[in-house]
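All heavy atoms count here, side chains included; hydrogens, waters and symmetry mates do not.
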Amino acid sequence: MIRRSLEQSLLENLKQGHVTALFGAKRTGKTVLMQRIAEILSDKKILTVNGEDLDAATILSSQKQSVLSNLVAGYDYLFIDEAQSVPNIGLNLKLLVDTNPGVSVFVTGSSSFDLRNQIGEPLTGRSRYWSIFPFTVSEISHDYLALMRLLPSLLVFGSYPQVYTAENDKEKRIILENIRNGYLLKDVLQLDNVKDSLFVLNLLKYLAFQIGNDVSFNELANSLHSTVKTVKRYIEILEKAFVIFRLTGFSRNLRKEISKSPRIYFWDNGIRNAVISRFEPLELRDDAGKLWENFCISERIKKQTYAESFSSFYFWRTYDQQEIDLIEENEDKLQAYEFKWGDKPARVPAGFERTYPNATFETINRQNFYDFLIPRT
């Protein structure tokens with residue numbers, strides 16, 4: 001079993017009278033991590049329920065103090081998997097911890113259902129949230145040579161737990177296609193009464209080919225025969241479902257810096273390739289550079305999110321075509337990164353160097369990715 005980076009943080013936060021919530025897309029390991037924590041706490045009394053179970057959901061949505069208290073009587077912990085399926089979960093959890101302060105509550109759910117907002121308002125100051133992603137490279141291994149050998153597979157098939165542990169490439173592809181057609185679409189379509197699965201897949205295909213480029217909502221709307229408002233709404237839904245994320249342009253000093261159009265990346269390379277049904281080996285592809293860029297940026301953000309580094313991420317581009325793939329800002333410290341699958345180093349754009357003389361600049365390639373993506377111990 002691969003140990004998840006969040007395990008210790010979650011354990012330390014399971015306090016009496018508090019709610020700990022873990023969000024993430026389906027099949028990223030939320031349930032397995034919950035089971036692992038239950039094993040570690042096996043000397044405690046834990047009640048584990050699934051929000052999709054009708055009987056459990058009826059009790060947990062009752063908004064009756066006596067019913068909720070009877071449910072947790074004699075238990076130290078209440079673990080709720082798939083909590084987004086419970087109506088009014090936030091208000092009921094508040095009532096439960098208000099009247100049973102000796103109980104610690106741990107819930108998992110898909111952020112696509114906006115569970116964080118449901119829980120957050122009633123439990124301000126008594127709840128803590130984490131997001132879980134597909135495996136990070138540091139969870140997979142800290143062996144530099146082993147990771148070097150794994151890179152071609154990670155760039156093509158990604159690191160969803162079930163995909164990573166599959167026995168061969170054919171099985172990896174089948175699992176990814178099942179995630180694409182099943183769990184992924186189920187999460188997206190259940191949010192806000194979304195019904196058009198074909199539109200979702202077509203939008204994702206356009207975004208998959210736009211990695212590393214500024215995204216024009218007008219162009220997407222025209223290509224999809226839709227409106228800008230609809231395109232923006234679906235992109236927000238896909239972000240909530242942990243399928244994609246956006247970077248905005250970094251702009252502080254130059255009038256010619258571009259900051260309005262975002263760039264959109266996928267949290268997992270395998271999902272990106274499943275969307276466009278491309279699983280050829282890396283050496284046969286014309287998009288290896290884009291896959292490397294998507295991989296490095298998503299892995300860096302996952303690493304810093306788990307480390308609670310409070311970093312902000314951007315890209316940088318000017319109207320005269322100077323650009324940098326990733327800008328990381330942390331306490332007024334600027335770090336600029338360019339990603340190259342080949343060995344040739346990139347040069348820092350003159351405009352950036354002149355405008356931000358205190359920023360650092362580094363090219364990330366296959367030789368030096370380790371320090372960029374593996375936390376220091």
Original post:
Would you call R252-E329 a salt bridge at under 4.0 Å N-O?
Top reply: yes
**OP:** Kindly determine whether Q304 and F313 satisfy side chain to side chain contact (heavy atoms under 4.5 Å, CB included), including the steps that lead there.
**Re:** CA-CA 10 Å; Q304 299 297 64; F313 297 92; 3.8 Å; yes
Original post:
Do T227 and T230 get their side chains close enough for a donor-acceptor pair, meaning under 3.5 Å?
Top reply: yes
**OP:** Classify the side-chain pair E139/S5 by whether it contains a donor and acceptor separated by less than 3.5 Å.
**Re:** yes
Original post:
Are the side chain of R366 and the backbone of W341 linked by a donor-acceptor contact shorter than 3.5 Å?
Top reply: yes
Original post:
Within the distance-only criterion (no hydrogens, no angle test), does the side chain of D268 pair as donor or acceptor with the backbone N or O of S159 below 3.5 angstrom?
Top reply: yes
Subject >> Close side-chain approach of N330 to S309, heavy-atom, < 4.5 Å >> reply: yes
Original post:
Say you draw a straight line from NZ of K30 to CZ of R4; how long is it, rounded to the nearest 0.5 Å?
Top reply: 10.5 Å
**OP:** Check for a donor-acceptor pair, side chain of Y144 on one end and backbone N or O of Q367 on the other, with a separation under 3.5 Å.
**Re:** yes
Original post:
So, are D98 and R126 salt-bridged, with charged N and O less than 4.0 Å apart?
Top reply: yes
Subject >> Candidate list D325, I301, I264, test side chain to side chain contact (heavy atoms under 4.5 Å, CB included), partner L247, passing option >> reply: I301
Original post:
ring pair (Phe, Tyr, Trp, His ring centres under 6.0 Å) with F23: which of F242, Y129, F133?
Top reply: Y129
Original post:
Short question: side chain of E299, backbone of T136 - any donor-acceptor pair under 3.5 Å?
Top reply: no
Original post:
Is a donor on one side and an acceptor on the other found under 3.5 Å between the side chain of S153 and the backbone of L150?
Top reply: no
Original post:
If only atom types and distance count, is the side chain of N294 paired as donor or acceptor with the main-chain N or O of F266 below 3.5 Å?
Top reply: yes
Original post:
Is D287 close to R272 at the side-chain level, that is, under 4.5 Å between some pair of heavy atoms?
Top reply: yes
Original post:
Looking only at atom types and distance, does a side-chain atom of N269 sit under 3.5 Å from a main-chain N or O of G158, one as donor and one as acceptor?
Top reply: no
Original post:
Hey, is the main chain of F295 close enough, under 3.5 Å, to the side chain of S298 for a donor-acceptor pair?
Top reply: yes
**OP:** Give a yes or no on whether the backbone of N13 and the side-chain of T20 come within a donor-acceptor separation of less than 3.5 Å.
**Re:** yes
Subject >> Residue pair Y77 / V103, side-chain heavy-atom distance below 4.5 Å >> reply: no
**OP:** Show the numbers, then the answer: is there a side chain to side chain donor-acceptor pair (under 3.5 Å) between N273 and R285?
**Re:** CA-CA 11 Å; N273 289 326; R285 305 178 70 111; 3.0 Å; yes
**OP:** Step by step, work out the side chain to side chain donor-acceptor pair (under 3.5 Å) result for Y265 and E293.
**Re:** CA-CA 9 Å; Y265 296 88; E293 180 179 338; 2.7 Å; yes
